[in-house]
Protein chains: 2
Amino acid sequence: MKTLAEKDTPGEENVYGELTGHIRRVTGIEEDEARTFAVMFREKNIRKRQFVVQPDFPVPHRYYVKKGALRSYVVTEDGQEHTIAFAIEDWWITDYNAYLYRQNATMFVTALEDSVVMQLDYESEQKLKDLNPAFDRFFRIAAERGLAYQQRRVIANLTLSAEQRYLQFVRQYPALVQRVPQYALASFLGMTTEYLSKLRKKAVSADK
Amino acid sequence: MKTLAEKDTPGEENVYGELTGHIRRVTGIEEDEARTFAVMFREKNIRKRQFVVQPDFPVPHRYYVKKGALRSYVVTEDGQEHTIAFAIEDWWITDYNAYLYRQNATMFVTALEDSVVMQLDYESEQKLKDLNPAFDRFFRIAAERGLAYQQRRVIANLTLSAEQRYLQFVRQYPALVQRVPQYALASFLGMTTEYLSKLRKKAVSADK
DNA sequence: GAATTTAGTTGAACCAGTTCAACTAAATTT
DNA sequence: AAATTTAGTTGAACTGGTTCAACTAAATTC
């Protein structure tokens, strides 16, 4: 699964454009093979605030974002939201624990703006992998990227202060910062909205 | 890569016993195929405190632990150590970012006790995957397990207090708690040794 | 087995980040 | 465009966890 850290450059523009371009960039396979891959997906529109994954429900799909922005998060008993991932164009998102291990979700996945995703269901994914080892390879690479990214995030959480995590995020994903609500970013970075608000005030006055 | 969360039950005891058993459990392939896999590994003894990975050096291998216990960690400029992973029998360890993307290490990987590992070098891994799609599948599953595990860890870090993280770890890995030094566990859980010491005192007196 | 190094403990002072509350700004609905 | 809901701000009081320092216990080395 593609994550924040490994965005490709945008691809061509035909019907399955982004998706075929994406898989060709990752696997290096030919156009027609990539098309075999792309036709297994279903395009879906998601309105802002609509959920595609909810706790205690099965997670039949993973989603490739064609247009828009989504966010996954967990809610603790005390009602606090914690953002696990963001996904914009050319990124993937779902509740991976639930999707990969056929369990009910523990997360929400919801749209931050009206979005268009390409959804792949679990059974189709298995078929693809049986059909052609190149697709097994694709999902291996995706998982390895995800793993490496998650590990970098664990390291950042262990080694950096709240302010440093924020500044690093701004440096790495300047486009995302403009696009996601502040409460979502704060909970992604592991701090309260109030504190992020104060950090931003400080950062702004500092670079004047 | 196998992680804390997905330990298999121990396998048989011949020369490549653990390893062939391990890969057969993960992929479901036959004994002779598993052997093709296992012969690509080299057995290596590592003395306590010896390093197998060091910052600023290439990372040619990933390691399957046959016997013993290893630990990976980063060191920040102020000299603090942060444990990224532990690995005991039947788990894997390396600096994945560096290994997968052919970059110099940012971590140390070292033995907590005299250990025996099976090392697989990057080129052999590529050969295996070209040779038989089942091996591509093996590394996909390993990466997916690792990804799911890392994500659970991110969630724990975001949602639990230091005390809850410690108690959860004790519940999930009681054997490990006995085996790793306290300073390593504290830095894995994202707290100071001093604070873990206080938590333990509290936990002990509470269950009397 | 004495000396040294490494690991763990305890307490007191401190601080990065939270909580709570009251407010302002912006977006969404009517 | 007025009313309502959702998002972000600011300050003051607070706290979970850190820091520092001095000590004890256990390993390791000589």
Side-chain angles (χ1 to χ4, degrees), chain A residues 47-51 69 71 73 75-83 86 108 110-114 156-170 176-206, chain B residues 47-51 69 71 73 75-83 86 108 110-114 156-170 176-206:
Chain A
R47 305 299 301 273
K48 183 170 177 174
R49 285 197 193 86
Q50 194 183 327
F51 294 101
R71 160 188 177 239
Y73 62 96
V75 178
T76 48
E77 317 89 73
D78 63 343
Q80 277 191 298
E81 293 185 5
H82 299 270
T83 300
F86 295 112
F108 294 91
T110 186
L112 291 169
E113 359 173 314
D114 292 350
N157 285 163
L158 288 177
T159 61
L160 303 180
S161 68
E163 178 167 27
Q164 290 173 317
R165 289 187 320 262
Y166 168 66
L167 293 174
Q168 179 184 280
F169 189 93
V170 171
L176 250 190
V177 177
Q178 309 303 324
R179 222 162 144 185
V180 307
Q182 202 150 147
Y183 68 85
L185 178 55
S187 79
F188 179 86
L189 294 172
M191 65 186 81
T192 59
T193 348
E194 292 94 331
Y195 195 64
L196 179 53
S197 177
K198 283 162 198 174
L199 286 179
R200 283 190 140 164
K201 190 182 174 190
K202 196 171 132 193
V204 168
S205 62
Chain B
R47 305 298 302 271
K48 184 171 178 175
R49 287 197 190 87
Q50 194 183 327
F51 294 100
R71 160 187 177 239
Y73 63 95
V75 178
T76 47
E77 317 90 72
D78 63 343
Q80 277 191 297
E81 292 185 4
H82 299 270
T83 300
F86 294 113
F108 294 90
T110 186
L112 291 168
E113 2 175 310
D114 291 350
N157 285 164
L158 287 177
T159 62
L160 303 180
S161 68
E163 178 167 25
Q164 291 174 317
R165 289 186 321 262
Y166 167 65
L167 293 174
Q168 179 185 279
F169 189 92
V170 170
L176 250 190
V177 177
Q178 309 303 324
R179 222 161 144 187
V180 307
Q182 202 150 148
Y183 66 86
L185 178 55
S187 79
F188 179 86
L189 294 172
M191 66 185 81
T192 59
T193 346
E194 291 95 331
Y195 195 64
L196 179 54
S197 177
K198 284 162 198 177
L199 286 180
R200 283 190 140 166
K201 191 183 173 189
K202 196 171 130 191
V204 169
S205 60

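So you know, we letter chains A, B, ... as the sequences are listed, proteins then strands, and number each from 1. The structure presented is a predicted model; accordingly, all values stated were derived computationally and were not measured.
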Under 4.0 Å between a side-chain N or O of A:Ser161 and OP1 or OP2 of C:dA16? no

From C:dG11, D:dG8, D:dT10, pick the nucleotide closest to the side chain of A:Lys201? D:dT10

Between CG on residue A:Leu160 and OG1 on residue B:Thr76, distance to nearest 0.5 Å: 9.0 Å

Nearest-nucleotide comparison on DNA chain D, the residue closer to the 5′ end among B:Arg49 and B:Leu160: B:Leu160

Closest-nucleotide ordering on DNA chain D, the 5'-leading residue of B:Met191 and B:Lys48: B:Met191

OP1 or OP2 of D:dG8 sitting under 4.0 Å from any side-chain N/O of A:Ser197? no

D:dA2 - base-pair partner by Watson-Crick or wobble geometry, distances under 3.5 Å: C:dT29

Can any side-chain N or O of A:Ser187 pair as donor or acceptor with the backbone N or O of A:Thr83 at less than 3.5 Å? yes

Compare the minimum distances between each of C:dT19, D:dT18, C:dT9 and the side chain of A:Thr192, then state the nucleotide with the smallest one. C:dT19

Can a side chain N or O of A:Gln182 be found less than 4.0 Å away from OP1 or OP2 on D:dT9? yes

As a test of reading the structure: which of C:dA21, D:dT28, D:dT18 is closest to the side chain of A:Glu194, going by heavy atoms? C:dA21

By nearest atom, which of the nucleotides C:dT9, D:dG17, C:dT19 is closest to the B:Tyr195 side chain? D:dG17

Can you find a donor-acceptor pair, distance only, under 3.5 Å between B:Lys198 side chain and C:dG8 base? no

